[in-house]
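Input: a single structure, listed below in structure tokens.
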Amino acid sequence: MKFLILIPALLFCTVLKSQDITGDWYGALNVMGTQLRLTLHVSKTDDGYKSTMDSPDQKANGIPVDKTTFENPTFKFEIPAGKISYTGTLEGEKITGTFTQSGQAFPLNLGREEIKEKTSSRPQEPKPPFNYYSEDVMFKNRKAMADLHGTLTLPKKDGKFPVVIMISGSGPQNRDEEILGHKPFWVIADHLAKNGIGVLRVDDRGTAKSTGDFSKATTADFANDVKEAVDYLKTRLDVDKKKIGLMGHSEGGLIAPMVAANSTDIKFIVLLAGPGVRGGEILLAQQELIGRVNGTSEKDLAEQRKLNAGVFDIIYRTGNAEDAKKKLDKYLRTYYKTMPKENLPAEMTEDVFVNETIETVTDEWMYYFIKYDPTATLQKVKCAVLAVNGSKDLQVPAKQNLDAIKTNLSKGGNTRTTFIEFPGLNHLFQECTTGSPAEYGSIEQTISPTVLDEVTQWILKQVK
């Protein structure tokens, strides 16, 4: 993600006087085949420069930038909370550079002309008029000082209905779990409401309309948000309190069992590509499968696995993050001295390699995810469970995780279980070619109609 641009010294004298970095700058990242527009607003202060960033395609505006510097012609900004940095070179009305986030680098050129939204065909996105009732709602997680905003969809305005709480995957997600122009949670809510089932879908804490701090939250913290959602539904006269279910996608499939294992209020749970093994094991499998389909050599895949397996093993065996940091520092410095360096950028020194790796894996969310083993939790789940995966899921591989979920539910004595592996579907349950995340944005389908129908029919049986 690091990038170095060499500018001939002779150019300096010709451009210094005319360069002005202030004002609005527009650019677009290409993320997994999808355009993600960014706008940077730069102003001059007595102390230097300040800026904010907008991400219009993610409906996020006024994102604070912690550090903005301009030493003609080099322009830089940093957003540590999002693990974001940018380095570029200004020449006239164009900045050429590289945008870095969480260790991944993307070319990003900025200019003065606004970039228009690139629309994608999403034929399953619900369109009015709707033959069901929707209401914007808000409830609180007082302990986390978070106001959680969402949409409650019910088959009709009057009556008492079963309701499913949707739980999103990793990363800050809005109530529709919007990704690359797709809105899978809205598509699911629309389908369920038309079949007599209510849905509560919520913006993650600190995302869209919800308040609170997302950056410091772990999977366990998000489980507490879901518990608050359950308590909120129990206050409503239009909700059948004996028929509340949870539906979690990806990380949400970790969260749903955490809530259900400790609550008698949950009638059923649906795990959409939910993890059944420790987070570190998923990351190792994910890296190998995605790397292979994207053309990474077997030699490089083996080297990556060796490095990460060592890192994860230290985290597994260490009681807390501070102790892990000390052990990781020693391990990574030893590893760096013998690792292949032909593909490393020149600035990836030993200190940079060690410090960036430790910072990534000991981030609150990542450290918890790597370490967390869902085995004991799954064995405590007594309500009805539907667990589904796509056969081409490269992020939460079907066999590895469905087998583990099945084994542990069975060990706990739960016989009210159903498992389905849908052929040819990816992590988002789209019909796909390879399963690579690079395909997600280019596929028009948001979620397979077969999955929608199977999940809906299963839920209807639970709430008879």
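Keep in mind it's a predicted model, so treat the numbers as computed, not measured.
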Would you kindly say whether [X] and [Y] are connected by a side-chain donor-acceptor distance under 3.5 Å?
X	Y	result
His182	Thr446	yes
Thr450	Asp453	no
Arg175	Ser210	no
Tyr132	Asp190	yes

Heavy-atom closest pair, residues Cys383 and Ala260: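 It is SG-CB, 4.1 Å.
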Shortest non-hydrogen contact between Val293 and Leu394, atoms and distance: CG1-CD1, 3.6 Å
Do [X] and [Y] touch side chain to side chain, with heavy atoms closer than 4.5 Å?
X	Y	value
Thr434	Glu439	yes
Lys299	Glu303	no
Thr377	Tyr372	yes
His191	Ile188	no
Arg292	Leu301	yes
Phe429	His249	yes
Leu40	Ile95	no

Using a 3.5 Å cut-off and no angle test, enumerate the donor-acceptor pairs between side-chain atoms of residues 160-168 and protein atoms at least two apart in sequence or in another chain.
unit_1	atom_1	unit_2	atom_2	d
Ser168	OG	Asp204	OD1	3.0
Ser168	OG	Asp204	OD2	3.1

Name of the residue among Leu152, Thr153, Val230 meeting side chain to side chain contact (heavy atoms under 4.5 Å, CB included) with Leu200: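 When Leu152, Thr153, Val230 are each tested with Leu200, the side chain to side chain contact (heavy atoms under 4.5 Å, CB included) holds only for Leu152.
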Residue pair Tyr49, Phe75: steps toward the side-chain contact (heavy atoms from CB on, under 4.5 Å) verdict: CA-CA 10 Å; Tyr49 295 90; Phe75 173 67; over 6 Å; no
Lys83/Asp363 salt bridge by N-O under 4.0 Å criterion: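 Salt bridge flag = yes for Lys83 with Asp363.
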Contacts of Asn401 that satisfy side-chain hydrogen bond (donor to acceptor under 3.5 Å, both in side chains) - sequence neighbours left out: none
Derivation and outcome, salt bridge (charged side-chain N to carboxylate O under 4.0 Å, His left out), residues Arg201 and Asp176: CA-CA 7 Å; Arg201 59 192 203 273; Asp176 297 325; 2.9 Å; yes
